[in-house]
Amino acid sequence: MTAPRVRFAPAPTGYLHVGSARSALFNWLYARHTGGTFVLRVEDTDEAKTTQEFVDAITEPLTWLGLDWDEGPLFQSAHRDRHVAAVQQLVAEGKAYYCDLSRDEIDQKAADAGLPSGYHGWSRDRDVEDGPGVVVRFRAPDEGHTVVDDLIRGRVEFAHDTIEDFVIRRGDGSPVFLIANAVDDHDMGITHVIRGEDLLNTTPKVLLLWHALGFGEPPTYAHLPLLVNEQRKKLSKRRDDVALADYVARGYLPEAMRNALALLGWGPKDEVEIRPIEEIIEMFDLADVNKAPAFFDPKKLDHINAEYIKAMTPMAFVEAAEPWLTADDAPYPVANYDRVVALALAEDVQQRVANLAEAPAWLDWLFLDSIDDYDEKSWTKAMVKGTVPDRVLDDIAAALADDDFTDRDRLETTVMAVGTALSEELDTRVMSQAPLRVALTGRGAGIPLWEAMTHLGRDVCLSRIAAARARLDV
RNA sequence: GCCCCGUUCGUCCAGUGGCCUAGGACGCCGGCCUUUCACGCCGGUAACACGGGUUCGAAUCCCGUACGGGGUGCCA
């Protein structure tokens with residue numbers, strides 16, 4: 001048995017759809033699992049010129065995901081002569097014919113004849129001459145059926161009388177994808193066609209052309225279940241996040257995205273979901289792919305991404321997060337960003353974020369010149385409803401007045417001691433950390449204070465405590 | 001309308017005739033840890049769409065019904 005050759009054949013639409021990315025991934029997994037070849041082919045059959053920008057919109061996300069291809073990108077448009085020749089061959093052999101009927105005329109004829117809408121072979125024997133606006137239709141068999149032996153779905157039968165004489169060349173002379181697919185898959189020696197279920201219905205047409213062209217043994221097909229949204233509808237560009245680039249922008253890691261995508265329609269038998277791609281390649285098998293559509297759950301993606309983030313080294317995390325940490329819209333003056341500080345606090349941030357884009361919000365107070373906006377609820381809770389916040393702040397300021405702020409443990413001990421002392425004096429529980437946190441960060445929750453305080457430094461800490469204390473008296 | 005596909009916890013997946021009083025993960029709920037929020041740990045919630053067969057035995061095989069989805073273009 002020869003090594004499999006699979007292909008991922010996206011249309012150049014200007015972005016890579018997550019559903020397409022999943023198809024690409026499954027092709028890639030199958031190729032890597034079997035030691036086969038993964039071919040990238042851009043399906044630019046239509047008129048529209050394929051610009052470099054549109055090609056990049058496909059290759060960049062694939063590269064980001066780590067899905068390397070062995071051949072390509074090949075362009076369907078480059079083989080147009082072959083496609084046209086195939087059409088001519090079919091016409092010459094009487095297996096296809098010219099038709100000059102417009103869509104309106106076809107609808108009219110169907111209505112007049114009381115037939116279901118659609119084309120009913122009216123031009124088969126009209127001997128239409130080729131010319132501008134004239135299409136070529138394939139003479140579909142009237143009887144019998146075509147069987148698609150699908151690796152995922154099993155045997156699927158299509159009765160020929162339900163397949164109309166479909167167009168294989170447009171009025172402008174351009175071949176449609178059906179014939180281009182048959183010819184290219186044949187010429188490129190593709191052995192397995194792995195794609196979305198939305199293409200299942202087109203398969204018998206391609207097979208019919210394949211055999212009419214005398215191509216011999218056709219590829220094996222495997223139709224993947226569709227990716228759907230919460231409403232169980234096919235992911236649509238309009239209301240769903242379908243562009244892979246959007247996920248990149250929101251700080252998802254390629255390894256996490258790839259892992260998450262691999263879990264849609266397939267799952268490892270040992271039930272360990274988050275694992276190295278090498279293991280997934282090892283275990284992957286098309287025969288194990290599910291048939292039912294899968295909802296791409298953002299919550300699950302977040303969880304997987306969070307796990308990958310926690311597993312990163314602090315350095316790797318900071319480097320990966322820096323595009324967000326140093327973005328123009330960061331919640332602090334970007335010039336204040338300090339990698340050393342980010343690195344020192346990375347682990348605390350890593351266990352709190354689901355994606356890289358969330359990182360700046362946890363570190364903002366370290367890079368802000370001063371706290372100008374206190375979170376209202378936090379302020380109320382710690383400073384208004386809290387127990388003697390004024391005393392807490394005063395005592396902390398006094399206790400820390402001579403500290404050099406280099407020892408995180410000492411800072412913690414000192415601050416906690418203030419709470420303990422006050423608790424005894426007033427015979428009630430006094431929390432010293434809450435007012436301090438609000439004074440320093442403007443919020444009631446966040447990463448641990450102590451290490452961060454050593455980076456913020458004595459002067460900044462003390463002045464923020466004083467600022468909060470002053471606000472308390474207003 | 002016609003053609004095709006599908007149906008295991010809310011979601012994703014495991015399960016390919018007996019190991020299933022159906023397992024894991026996410027979510028959710030509760031608890032522990034904690035002078036923040038998280039993390040972590042422990043526990044709980046919850047499903048074989050329905051009806052007929054076949055079989056000693058069915059989530060697993062067959063048929064039907066219901067529901068959902070996809071396709072019905074000179075888009076791919």
Per-nucleotide protein contact along nucleotides 60-73 of chain B, 5' to 3', at a 4.0 Å heavy-atom cut-off (B base, S sugar-phosphate only, - neither), is ---------SBS-S

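- Put simply, CG on A:Asp288 is 10 Å from C1' on B:U16, counting in whole angstrom units.
- Taking atom CZ of A:Arg169 as the reference point, atom C1' of B:C74 lies 10 Å away to the nearest angstrom.
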Its contact letters, B for base, S for sugar-phosphate only and - for none at protein heavy atoms under 4.0 Å, make nucleotides 33-44 of chain B read --BBBBSS----

Output one line per pair: protein atom, nucleotide atom from nucleotides 20-23 of chain B, and distance, for all N/O pairs under 3.5 Å.
unit_1, atom_1, unit_2, atom_2, d
B:G23, O2', A:Glu271, OE1, 3.4
B:G23, N2, A:Glu271, OE2, 2.8
B:G23, N3, A:Glu271, OE2, 2.9

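- Across the P atoms, B:C26 and B:U21 are found 26 Å apart, a figure rounded to whole Å.
- Set against B:C12, B:C3, B:G15, the side chain of A:Thr162 has B:C3 as its closest nucleotide.
- Between A:Asn181 and A:Glu43, the closest side-chain pair of non-hydrogen atoms falls below 4.5 Å.
- Distance, A:Arg275 CZ to B:A14 C1': 12 Å, rounded to whole Å.
- The side chain of A:Arg137 has B:C74 as its nearest neighbour among B:C74, B:C4, B:G15.
- Put simply, CG on A:Asp150 is 13 Å from C1' on B:G6, counting in whole angstrom units.
- Searching all strands for a Watson-Crick or G-U wobble partner of B:A58 with both distances below 3.5 Å returns nothing.
- When the C1' atom of B:A76 is taken as reference, atom CZ of A:Phe166 falls 15 Å away, rounded to whole Å.
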Evaluate ring-ring contact (aromatic ring centres under 6.0 Å, His included) for A:Phe26 paired with A:Phe284, printing each intermediate quantity in order. CA-CA 9 Å; A:Phe26 279 36; A:Phe284 184 78; 5.2 Å; yes

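- In this structure, A:Phe158 places its CZ atom 17 Å from P of B:C2, rounding to the nearest Å.
- In this structure the side chain of A:Arg169 never reaches within 4.5 angstrom of the side chain of A:Val91, judged on heavy atoms.
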